[in-house]
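Structure first, then comments.
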Amino acid sequence: MKKLVLSLSLLCSSLLLSSTLSSKVKNNSLVVYNSNIGLVHEERNVKVSKDDTFITYEGVASSINTDSVNIELPKGITLYSQQYRFDKLTKEKLLDAHIGKNISLRATSKKNTYEIIPATLLASEGATAIVQTKAKEILTVASSDILFQTIPTELITKPSLVWNIQAKKSMDAELKLDYLINNISFESDYILNINKDSGSLSGWITINNRSGKKFENTKLSLLAGDIHREQNAAVLYTKTMAVMESAPDVAHRAYEGYHFYTIPFKVTLANNEKTQLKFMQKENFKIQREYSVTLNNPLYFAGEIKSDVDQFIELSGFDSPLPKGVIRTYSKLNAQSILLGENRIEHTPKNTPIKLNIGKNFDVKVVQTLLARNDTKNRYKAEIHYSISNNSETTKKIELLIPFNQQRDSDIDSKLPYRFTKGNFVTFSIEVPAQTDKSFKVKYESKR
């Protein structure tokens, strides 16, 4: 009970006894996660006297998760309670905060000019207010005619944390603060420029800050990976910040199954804006081109079907992981840039090949035709004719993927070699010279 009374007394007296908090933020940093959250770290100097009963920390993000606040106060200061305060200024709030205080009244004289009359605000309700002049006259006036000289200290006009405290002695020390914010995220975007059989890849990070706070000259780090979060659960601060602070010049570092990217320079992120930062560049690596088409199950189609061929490029040799994002592929024709395709990649570990689909190849077609159907009561039997036309100017190796049940009692009769890939796909790799057609037949048999 004594502690409760003490806390209430501190709360009531906090309007009078406030510590002085430096407006300058030191060692500020921000870690942005894939999951629309960020971890803020800030340090400020605070001057506390023995009589101070609260500390007001202005300028936190309006999207702050107050359950995640981790504050480190100087030794000798006891923390009793915490409040999140943000008083958006309105006429009603200003009037209520000025009751019993001096204001100025704008009055119209007989000559239709204005004069300013000092007064005290006694009460306010709606569009009217009651004031008392220095001549002790009590007047009912329009609240719109009241002029305010200052904003009362009890109105906190920036999102703030207010801590009710008790100090054993006066001191000039350091306050450290960590907290989670919402509505901040990042995406990775990549630009791939290809020239014949080589390419260059640049990576960009786009940070979308809707957190309700501007981050000025801050150290920025990004966590690529999907963390597990329970409802109302916070991220561990100590380990995360320790990794970031121990290697500020390292562009990338793996930690606990995730990947951190630390921007090597300080950045400013405005609120309600997107900011783009370049984080990687890889030049003159080899690319491989592939052509592939997925056809129909030979046991379940009839007639003739013409299919387009997908064209792919495979990238390899990346010695650092790539956060998930969109890769846009460009090439040049007669010095003019051409967009070849867009692909979304997932989080990709280092030294992992990346296969990109850049669309359908206009010059390559595959036709599959049912030649014969000799089904019995217990067996499916089908003969298929495949024709590949390559009307381009270069030889192309086309991969045909044909879904077929891979069972012991199934049979494939083909003069061309094949293999099973991706489970139950019969796969033929056919090299077709430029301006040439190639065709072959295959017999399929399987139990019903």
Side-chain angles (χ1 to χ4, degrees), residues 27-41 181 183-194 198-211 213-227 235 239-271 273-285 287 313 315-330 337 339 341-356:
N27 298 326
N28 52 322
S29 63
L30 173 66
V31 181
V32 181
Y33 295 75
N34 282 131
S35 47
N36 202 36
I37 60 171
L39 175 59
V40 179
H41 174 82
I181 58 175
N183 303 328
I184 189 167
S185 60
F186 79 90
E187 292 182 347
S188 305
D189 290 281
Y190 303 90
I191 300 298
L192 172 63
N193 289 300
I194 61 175
S198 65
S200 62
L201 184 71
S202 59
W204 293 81
I205 292 292
T206 301
I207 302 167
N208 190 0
N209 180 21
R210 310 286 168 177
S211 67
K213 177 180 173 66
K214 179 182 180 181
F215 297 92
E216 294 190 77
N217 199 31
T218 190
K219 184 172 70 174
L220 176 66
S221 300
L222 310 166
L223 183 139
D226 300 312
I227 63 172
V235 178
K239 291 184 179 179
T240 301
M241 297 311 300
V243 172
M244 290 298 96
E245 292 175 3
S246 63
D249 297 326
V250 178
H252 162 261
R253 184 167 181 175
Y255 180 71
E256 296 288 354
Y258 303 107
H259 290 275
F260 287 94
Y261 294 84
T262 301
I263 306 303
F265 50 87
K266 293 189 175 183
V267 301
T268 294
L269 304 176
N271 186 41
E273 285 189 7
K274 289 184 177 181
T275 302
Q276 287 188 299
L277 303 167
K278 191 172 183 179
F279 78 99
M280 68 151 292
Q281 183 71 39
K282 181 76 172 179
E283 298 284 353
N284 299 322
F285 54 86
I287 63 172
I313 54 175
L315 319 178
S316 59
F318 295 105
D319 54 5
S320 61
L322 302 180
K324 66 180 179 181
V326 174
I327 296 182
R328 293 174 176 85
T329 303
Y330 293 87
S337 293
L339 175 67
E342 294 181 337
N343 288 261
R344 179 170 291 278
I345 62 170
E346 295 303 315
H347 296 304
T348 305
K350 65 179 181 180
N351 299 322
T352 302
I354 300 171
K355 193 172 184 178
L356 305 177

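Owing to the predicted nature of the structure, the values given are computational and were not obtained by experimental measurement.
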I'd like to know if the side chain of [X] reaches the main chain of [Y], judged simply by a donor and an acceptor atom lying under 3.5 Å from each other, with no hydrogens or angles considered.
{"X": "T218", "Y": "E216", "value": "no"}
{"X": "H347", "Y": "K324", "value": "yes"}
{"X": "T352", "Y": "P349", "value": "yes"}

Subject >> Nearest non-hydrogen partners of I184 and S211, listed with the distance >> reply: CB-CB, 4.5 Å
**OP:** Inspect the surroundings of NZ in K214 and state if more than 12 heavy atoms from other residues, nucleotides or ligands are less than 6.0 Å away.
**Re:**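 Counting neighbours around NZ of K214, 12 or fewer heavy atoms of other residues, nucleotides or ligands fall under 6.0 Å, so no.
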Original post:
Does NZ in K355 sit with more than 12 non-hydrogen atoms of other residues, nucleotides or ligands closer than 6.0 Å?
Top reply: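 It does: K355 NZ has more than 12 such atoms within range.
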**OP:** Using the test salt bridge (charged side-chain N to carboxylate O under 4.0 Å, His left out), find all partners of K278 that sit at least two apart in sequence or belong to another chain.
**Re:** none
Subject >> Those residues that, when tested against E342, pass salt bridge (charged side-chain N to carboxylate O under 4.0 Å, His left out) (two or more places apart) >> reply: R328
Original post:
Do F285 and F318 have ring centroids that are under 6.0 Å from one another?
Top reply: yes
Original post:
Under the side chain to side chain contact (heavy atoms under 4.5 Å, CB included) test, which residues partner S185, sequence neighbours left out?
Top reply: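 In terms of side chain to side chain contact (heavy atoms under 4.5 Å, CB included), with neighbours along the sequence ignored, S185 is linked to N36, N208.
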**OP:** Please assess N34 against F186 for the test side-chain contact (heavy atoms from CB on, under 4.5 Å), listing each intermediate value before the final yes or no.
**Re:** CA-CA 6 Å; N34 282 131; F186 79 90; 3.4 Å; yes
Subject >> Pair E187, T206: side-chain N/O donor-acceptor within cut-off below 3.5 Å >> reply: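 Not at all, the side chains of E187 and T206 share no donor-acceptor pair under 3.5 Å.
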**OP:** List the steps and the verdict of side-chain contact (heavy atoms from CB on, under 4.5 Å) for I313 and L192.
**Re:** CA-CA 11 Å; I313 54 175; L192 172 63; 3.5 Å; yes
